[in-house]
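The structure appears right after this line, and notes come after that.
We count ligands from 1, going down the list as the structure has it; atoms in each ligand are counted the same way. For clarity, every value in this text was computed on a predicted model and none was experimentally measured.
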Amino acid sequence: MSIALQDRFVRDLPELAVRWQAEPAPEPRLLALNTVLAEDLGLDADWLRGPGLGVLLGTAVPDGAAPAAQAYAGHQFGGFVPRLGDGRALLLGELTDTAGRVRDLHLKGSGRTPFARGGDGLAAVGPMLREYVISEAMHALGVPTTRALAVVATGRPVYRETELPGAVLARVAASHLRVGTFQYAASTGDRALLTRLADHAIARHHPGATDAEHRYVALFDAVIAAQAQLVARWMLVGFVHGVMNTDNMTISGETIDYGPCAFMEAYDPETVYSSIDSWGRYAYGNQPSITLWNLARFAEALLPLFDEDLDEAIKLAEASLHAFQGHYDRAWATGMADKLGLPDVPRDVVSGLATEALTQLQQSQVDFTSFFRRLSRAARGDAEPVRGEFIDLAAFDDWLTRWRALEPAPDLMDRVNPVYIPRNHLVEEALTAANGGELGPFQALMDAVGSPFEERAGLDRYAEPGRKEFTASFRTFCGT
Ligand code: AMP
Ligand code: MG
C-alpha cells in the first residue's frame, strides 16, 4: 500500500507554491484516525496506523508527491496583508477518492515554512483535536467543510503560554484555494498567473463556468452562490466561525480553518467567542454581511479578468454581487422551513414566523439548538418542554398556535435539527482530558456529534447547553 498523490497545484501554479518538507517528529503517536474518511479516500486504515504514519506527519513523502507551502494574501480583520501563506502547513498533494473526486491532502502543524513570519510553525494537540471534532461535526450536520483525517502527536513540545504537546492534523479538502489566493495572484500584477489560477479553480470546482459566455464572471457567480449557501448553513446550525478573514474563505464553498470557532448556545446575534475579535466583527449575526464583504474583495482581485475597461469590470462585479442577498435569503428560508417542519409553506410566511421566533428566543435566552427539538415534541402534542423555556408565555403561545395551524411535520424536523453539537463545555472537557493523555472523553464526544440527529439513551449530557456562567465567560483562541 502507498498513496498515489498528484502534484497538480504545484505544476499548474508554481508561482504560488514553495516546495517544502515537514519537520521530523521525535515520537509520533496516533491520537485520532478517521477510518470512514480513509476508506472513502481509498486508503487502508491499518497501513496509516502502521507503516503509513509518516505520511500523516509529512515525514514520509510518497513517490511522485511534491509537498509545498501555498502562497496567499488576505484581509485580516479588515486590513490587507499582502503575504500570508502556509506558515505551518503543507499541501502534500491531491488524490482521487473512491467517488472520483479530487481532494487535497494537507497537513497543519508540520513545521516552519518560508511563510512562517514570527511563528514557530507548530500546532498543539488541543487545537488540532478541536479542528478534528468540530469539522467532523459540521460534516455530520451536512455543512460543506474540510474533513479531518488524523491527528498525530509529534512528541515535540510547543510553547504557548505554557508548554503543550505538539501535533499535526492531516486534513482533506476539495482544495485549499482561498479568496486570499486570488488576492495574492492579483497583487503580483501578473495577469497570466491570475488567469491560470482562475482556470484551475474553474476546472476543479465550478466546471459549469467553462462554457459560459463570460467564464470568469461565471466563476465569480458560482462562488457567490456557494458562499451564500454555506453561510446560510452556518446560521441554521448556530455556528460562529470566528475568523472570517479572506484567507479563510474557500473558492469551493467549504468551511475552512477551524480556529476560534464555536457553536452559539442561547440565541443572540451578537455572540462572539474569539478572544481577538474584540469589536465583534465576526459575531454570529454579522456572518452573512462579512461573507458579502469578502466576496467584494474577491471581485477586486478578479477585475482584470472581467474586462479591460475598469468601469465595465466594476459594473459586472456589482451586478454579480447583487445576487448574493437573494441566494442567501432563499437558502436560509428553505433551511428554516425544514427546521420548523413547514417545507410546503410559502417562504415569506416561513421567514416571518422564524424571525418572530428568533426574537423571542433572544428575549428569553433560549438555547438555539435544543429549541427546535423541543418544538418537534410540541408538534407531536407535548408542548410543555418548549413552553418552559420562555419568559413571555403569552407571546410564545400566540406564536405556537399560529405555527401549529400550519401542520408542522415533526419527523422532518428531527431529521434536520441536531440533538448533539460540539458544545463548548464538552469540547473543553474533551481537550483538557486529551492534554492529560486521556482520549476517552474526545472519543465519546466524537460518537455523539458523529450522528447528530439520532437521539440515543445515555447521551443526555451531550444534548444540554453548558452552565450560563461557563458560556458567558467562554473564549476561544486563534493561531494556537
Ligand atoms: P490562521 O489564523 O490559522 O488562519 O493563520 C493565519 C496565518 O498565520 C497563516 O498564514 C498561518 O500559516 C499563520 N500561522 C498561524 N499560526 C502559525 C504558527 N504557529 N507558525 C507559523 N505560522 C502560523
Ligand atoms: Mg487560515
Side-chain angles (χ1 to χ4, degrees), residues 16-18 20-23 25 58 67-92 104 106-132 134-135 145-146 148 151 154 156-171 173-184 187 230 240-252 254-262 273-277 281-282 290-291 294 297-298 475-480:
L16 304 180
V18 178
W20 204 252
Q21 64 204 41
E23 271 174 30
Q70 291 177 297
Y72 49 84
H75 276 87
Q76 299 197 306
F77 289 91
F80 186 62
V81 184
R83 189 183 143 102
L84 287 165
D86 290 333
R88 55 164 173 176
L90 289 177
L91 173 66
L92 282 185
D104 275 6
H106 180 97
L107 304 177
K108 196 160 163 182
S110 48
R112 295 193 83 230
T113 77
F115 300 107
R117 296 172 290 160
D120 61 6
L122 303 176
V125 164
M128 296 304 100
L129 287 178
R130 192 160 199 286
E131 171 153 345
Y132 190 106
I134 300 185
S135 64
T145 176
T146 62
V151 174
T154 57
R156 181 193 301 282
V158 176
Y159 299 96
R160 298 291 181 256
E161 273 155 25
T162 55
E163 183 185 307
L164 298 168
V168 173
L169 167 77
R171 79 176 175 199
S175 88
H176 285 75
L177 299 179
R178 308 149 190 263
V179 167
T181 316
F182 281 80
Q183 292 180 294
Y184 183 90
S187 74
L230 179 65
V240 186
H241 183 282
V243 61
M244 292 174 67
N245 295 331
T246 57
D247 51 301
N248 291 338
M249 184 189 232
T250 58
I251 301 307
S252 64
E254 286 180 344
T255 312
I256 197 172
D257 275 2
Y258 292 83
C261 60
Y273 294 112
S274 169
S275 60
I276 57 170
D277 190 5
R281 178 181 171 90
Y282 299 139
I290 285 291
T291 302
N294 287 347
R297 306 289 78 74
F298 184 36
R475 290 287 167 275
T476 54
F477 298 90
C478 199
T480 42

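When non-hydrogen atoms are compared, ligand 1 lies under 4.0 Å from neither the backbone nor the side chain of Asn245. When non-hydrogen atoms are compared, ligand 1 lies under 4.0 Å from neither the backbone nor the side chain of Phe115. Counting heavy atoms under 4.0 Å from ligand 1, residue Arg160 touches it through the side chain alone. In Val243, neither the side chain nor the backbone holds a heavy atom less than 4.0 Å from any atom of ligand 1.
Note on the Mg ion (ligand 2): protein N/O/S atoms under 2.8 Å are Asn248 OD1, Asp257 OD2.
Taking every non-hydrogen atom of Asp257 and a distance limit under 4.0 Å, the qualifying atoms of ligand 1 come out as 4 (O). For ligand 1, the atoms sitting less than 4.0 Å from at least one non-hydrogen atom of Asp86 are 12 (O), numbered in the order shown with element in parentheses.
Using a 4.0 angstrom heavy-atom cutoff, Arg83 does not count as in contact with ligand 1. Contact analysis leaves Gly259 out of contact with ligand 1, as no non-hydrogen atom separation drops below 4.0 angstrom.
Salt bridge present: Arg160 and Asp120 bring a charged side-chain N and a carboxylate O closer than 4.0 Å.
For ligand 1, the polar-atom distance check finds an N/O of Arg117 within less than 3.5 Å of one of the ligand's N/O atoms.
Under the side-chain hydrogen bond (donor to acceptor under 3.5 Å, both in side chains) criterion, Glu254 pairs with no residue, sequence neighbours left out.
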